[in-house]
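Shown next, in structure tokens, is the structure this report addresses.
Just so it is clear, the structure is predicted and the values come from calculations on it, not from any experiment.
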Amino acid sequence: MERGLELQNTVKEALNALYHHPDDAFRMQADRWLQDFQRTIDAWQVADNLLHDATSNLETLIFCSQTLRSKVQRDIEELPSEAVRALQDSLNILLKKFHKGPPKVRTQISIAVAALAVHVPAEDWRGGGIVSWLRDEMNSHPEYVPGFLELLTVLPEEVFNYKIAARPERRRQFEKELTAQMEVALNILTACLQINELKEQVLEAFASWLRLKHKIPGPVLASHPLMHTALSSLHSEILSEASVNVISELIHYSAAGSSGGAAVNMPLIQVIVPQIMSLKAQLSDSSKDEEDVKAIARLFADMGDSYVELIANGSEESMLIVRALLDVASHPEYDIASMTFNFWHSLQVILTKRDSYISFGNETSAEAERNRRLQVFCPAYESLVSLVSFRVQYPQDYQDLSLEDLKEFKHSRYAVADVLIDAASVLGGDATLKILYMKLVEGVACCGNEHSNWRLAEAALFCIRAISNYVSVMEAEVMPQVMVLLPRLPQQPQLLQTVCLTIGAYSKWLDAASSDPSILASVLGILTSGMGTSEDSAAAAALAFKHICDDCRKKLCGYLDGLYNVYRTAVNGEGSLKVSAEDSLHLVEALSMVITELPHDDAKKALEMLCLPVVTPLQDIINQGPEILQKKHARDLTVHIDRFAYIFRYVNHPEAVADAIQRLWPIFKTIFDVRAWDMRTMESVCRACKYAVRTSKRFMGITIGAMLEEIQALYQQHQQPCFLYLSSEVIKIFGSDPSCASYLLNLIEALFNRTVCLLTSIEEFTSRPDVADDCFLLASRCIRYCPQLFIPSSIFPSLVDCAMIGITVQHREASNSILTFLSDIFDLSKSIKREEFISMRDSVIIPRGARITKILIASLTGALPSSRLETVTYALLSLTRTYRVQALEWAKESVSMIPLTAVAEIERSRFLQAMSDAASGADVNALMVPVEELSDVCRRNRTVQEIVQGALNPRELNTVTVS
């Protein structure tokens, strides 16, 4: 008793410190203590006592109601059954005590009772379930109806609240209990309609129950008093938010597959639609409150989204809804207009997809219906283009916008671009282009000599760029005129940026359409100008330059000298160009793609020229001696090395690239030797080498041997993860080449031996996740490309042991790589039929099978985050498919270690049945539910998770001795 009073006082003192102490350190300390206290078993009694205590202040009441709510949700298993019954009675008293508020406290108590109902079966609520219990309480104590109404509102919401630590079977049962009592709930709500001041609350509760999507027949709902109350409230002077929520839920409900879909619920739909349509005039009523207009617009948008399949038939009634949605799209407020954007996309998909017309039988009928519908909806989409295109225009005060507002503006532009793509899908790109071209002509006229009035032209060009993928490359009417207009536009930075991006977007059109070389020369001139105007326009111009060189590469071979001058100037940072180092990589890629089109000898010379501005500054640094090279900032080196990576990646002339890397190897070797300690520089060099290997393949000759010797030796001292991923690329290309077998085996043994000596505990995996990630990616590559070297090697068993240590590392990529490596081993027989490799694999896995299974089940049940469930499950099911009866025994052995207090017998049986089905070859996806349920059960609260992990003890397994 004394301890209870002492704790109650401590809680009050801590809350006082949290809310009122002037010192931040004290407040943080109080907060930590209160959080720890909430996890204790004493928190039940203390929170309950303080809620019943008439002297508790508001802060105490809020904290204690939140504590009790979270304890009921997560920790109900801490209480013996008689204490649960006492809690049930106490919560009922509290619900009555706080029926008038404070609202925050009443809400928490209501959620606590609802959570208790998820845990406690129907028969423990006086035999009839919580809804019947609630009805009886409301009949006996009408004065407490407001408090009970809140409970009735939150009850259905708790079905989908996964914070509640209920077992899956009990959760399903609770949903059945509620749906069985739907009629009782609606009768309670109907009775409460008599109390006028409760109407809003009743409607909110009705909306909440509709979210269960239980099959109440459409005709029943259509004539239900709750429905009529909601509909009549739509027309009241002050729009009822609750009635809007109800109608919105009814719209979703009437279209949901679980309720039978629109066809079954037509009587309900025929009541809802005319009522919403009657609100259309209010959309443009300037006297209406903006929030009310938003609510009405939301109903139109919900109607469009939910009934889109009905609307797509193009009937006269459908077109009335479409015209209403165009009215919403024309609203000056973007937030209101954009509510319809999803509808236009969904409608476009139905109109254009062939699958939508399968029911029309043969292809001729289907095509005729498709054309009919497109014709019906074309005028609406034409109007839509005009209605949304102005919304991308820069505001007058764009320079004063905050970063957040600018971000929002850009987001709205992208959303409008998506709508224009939908329109182009229905109308055709060329037809949409014609509408937008008229806007561009207006914009160009506005520019005149006044450079300040550029915003209209920029908006039109942004829209034209958005639909570029839908405009035919053979379009000959509008695009030539657009290209003629571009050089006449003022050099305003934002406008020039959009001009450059538009040129880049139409690179395929330029290649197909421009027999006139002056067009290409003109756009290249604009791009060069863009590179010298501002950083943003330079970035856009560099990107466009890349697209042009990619798609027009054959035509541009004759312009190589001019292109090279732009490239050299940008890379060397000469002249007035404002291209950043990062954007200069677009230019490297651009020139590389043009060089790819040249004949071999010309390409070789052009490649030397391309490398010259890159190699010169690197050679200058190296010539200053190793001390200077050692001290240089990584960025001073990687800015040049990254350009080599792009050259080797995009110049598709294997022999020429092989010659280049051979000439450059002394520079690369010097950087390797002097900077092996520097991760950033090594990553950059290894990336360049990776692309050289990928492009040159077997033309690499002696350079590949020198490269592998270098990384093999350096890895012993400097365990850079990038040495491992470079080796992965080599294994992929040379793994199956018998002439390379000897030095590849030396390479992988040297790399893996060093790695397994590093990764001897879970702590080492945690501190070196990149090494672990790249090590096991390399190991998976070895299984796929050189199993004949890897499986028989002495390192294979050591690597399996190492993987077992690291499975539960929390780093996502490292954990996934380890699990994928193990799955690849278990699935070996899918890719390799040679029996000797399978028996070698088995001799390593079978002795370790029980431990591997135990670690995988520990990972499923809490040792790894639930986001890794799919990867862990795949590994476990692969193991089971391969080792069948043995794997089932391993799984039974592991699961039997988990106490029945944590996992019930039925949950074990379902899981083991899934394993048995996997052993028989069942589809993995069909087995996910019982596996997920075991995972959920074992993670349902902290206490259970600790019991399960304590029983399986994966940490003990994480310290196995590496053989």
Side-chain angles (χ1 to χ4, degrees), residues 290-291 293-294 297 301 328-342 344-345 384-423 436 439-440 442-444 446-447 450-469 486 489-505 526-527 529-547 577-586:
E290 191 184 313
E291 288 306 309
V293 176
K294 264 187 189 171
V328 179
S330 70
H331 196 278
E333 280 294 324
Y334 173 78
D335 288 348
I336 291 173
S338 61
M339 289 180 186
T340 66
F341 288 3
N342 189 59
W344 302 114
H345 174 69
L384 185 66
V385 171
S386 297
L387 287 174
V388 299
S389 55
F390 80 92
R391 295 186 188 277
V392 304
Q393 196 167 309
Y394 269 92
Q396 288 278 15
D397 61 346
Y398 78 95
Q399 286 171 314
D400 303 326
L401 291 179
S402 67
L403 280 175
E404 194 55 42
D405 286 345
L406 197 58
K407 188 177 168 187
E408 204 173 301
F409 169 63
K410 285 183 177 176
H411 177 77
S412 69
R413 278 172 51 113
Y414 295 137
V416 169
D418 288 340
V419 176
L420 291 169
I421 287 168
D422 291 325
L436 295 171
K439 308 272 181 195
L440 177 62
E442 282 176 45
V444 173
C446 285
C447 286
E450 280 190 63
H451 288 190
S452 59
N453 209 351
W454 51 272
R455 296 177 308 115
L456 196 60
E458 191 280 334
L461 270 180
F462 177 89
C463 296
I464 288 170
R465 173 190 157 215
I467 62 160
S468 59
N469 289 340
L486 295 184
L489 292 169
Q491 302 270 297
Q492 195 280 337
Q494 274 75 20
L495 176 56
L496 188 54
Q497 181 184 4
T498 302
V499 167
C500 292
L501 290 171
T502 306
I503 289 169
I526 294 170
L527 296 184
S529 174
M531 287 182 211
T533 300
S534 71
E535 285 181 16
D536 286 342
S537 67
L543 181 63
F545 197 80
K546 178 185 82 173
H547 290 312
L577 298 191
K578 294 180 168 63
V579 181
S580 69
E582 193 178 342
D583 291 320
S584 73
L585 293 172
H586 292 314

I need the [X] [atom1] to [Y] [atom2] distance, nearest 0.5 Å.
X: L486; Y: T498; atom1: CG; atom2: OG1; answer: 11.0 Å
X: E535; Y: Q497; atom1: CD; atom2: CD; answer: 11.5 Å
X: L436; Y: I467; atom1: CG; atom2: CD1; answer: 5.0 Å
X: L420; Y: W344; atom1: CG; atom2: CH2; answer: 13.0 Å
X: S580; Y: D536; atom1: OG; atom2: CG; answer: 10.0 Å
X: E458; Y: C463; atom1: CD; atom2: SG; answer: 9.0 Å

Minimum heavy-atom separation for [X] and [Y], please, with both atom names.
X: A459; Y: Q393; result: CB-CA, 3.8 Å
X: A538; Y: K578; result: CB-O, 3.4 Å
X: L401; Y: P395; result: CD1-CG, 3.9 Å
X: A542; Y: V579; result: CB-CG1, 4.4 Å
X: A337; Y: H331; result: CB-O, 3.8 Å
X: C500; Y: S537; result: SG-O, 4.3 Å

Quick one: are [X] and [Y] in side-chain contact, heavy atoms under 4.5 Å?
X: R455; Y: Q396; result: yes
X: M339; Y: K294; result: yes
X: S534; Y: Q494; result: no
X: L495; Y: L461; result: yes
X: Q399; Y: Y394; result: no
X: L543; Y: D583; result: no

Audit row: V419, T340, side-chain contact (heavy atoms from CB on, under 4.5 Å) steps and yes/no: CA-CA 10 Å; V419 176; T340 66; over 6 Å; no
Derivation of the side-chain contact (heavy atoms from CB on, under 4.5 Å) call for L456 and E442: CA-CA 8 Å; L456 196 60; E442 282 176 45; 4.2 Å; yes
Parallel, tilted or perpendicular, as decided by the 30° and 60° cut-offs, for the rings of W454 and Y398: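 Aromatic pair Y398/W454 classed perpendicular.
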Y334 and F341 aromatic ring geometry - parallel, tilted or perpendicular at 30°/60° bounds: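 Plane angle over 60°, so perpendicular.
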Test applied, side chain to side chain contact (heavy atoms under 4.5 Å, CB included); reference residue, L527; option that passes from L496, I503, V499: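 It is I503; the other options fail the test.
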Residues that F390 engages under side-chain contact (heavy atoms from CB on, under 4.5 Å), provided they are two or more places apart: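 Residues passing side-chain contact (heavy atoms from CB on, under 4.5 Å) with F390: none at all.
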Residues that E408 engages under side-chain contact (heavy atoms from CB on, under 4.5 Å), provided they are two or more places apart: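 With sequence neighbours excluded, E408 shows a side-chain contact (heavy atoms from CB on, under 4.5 Å) to no residue whatsoever.
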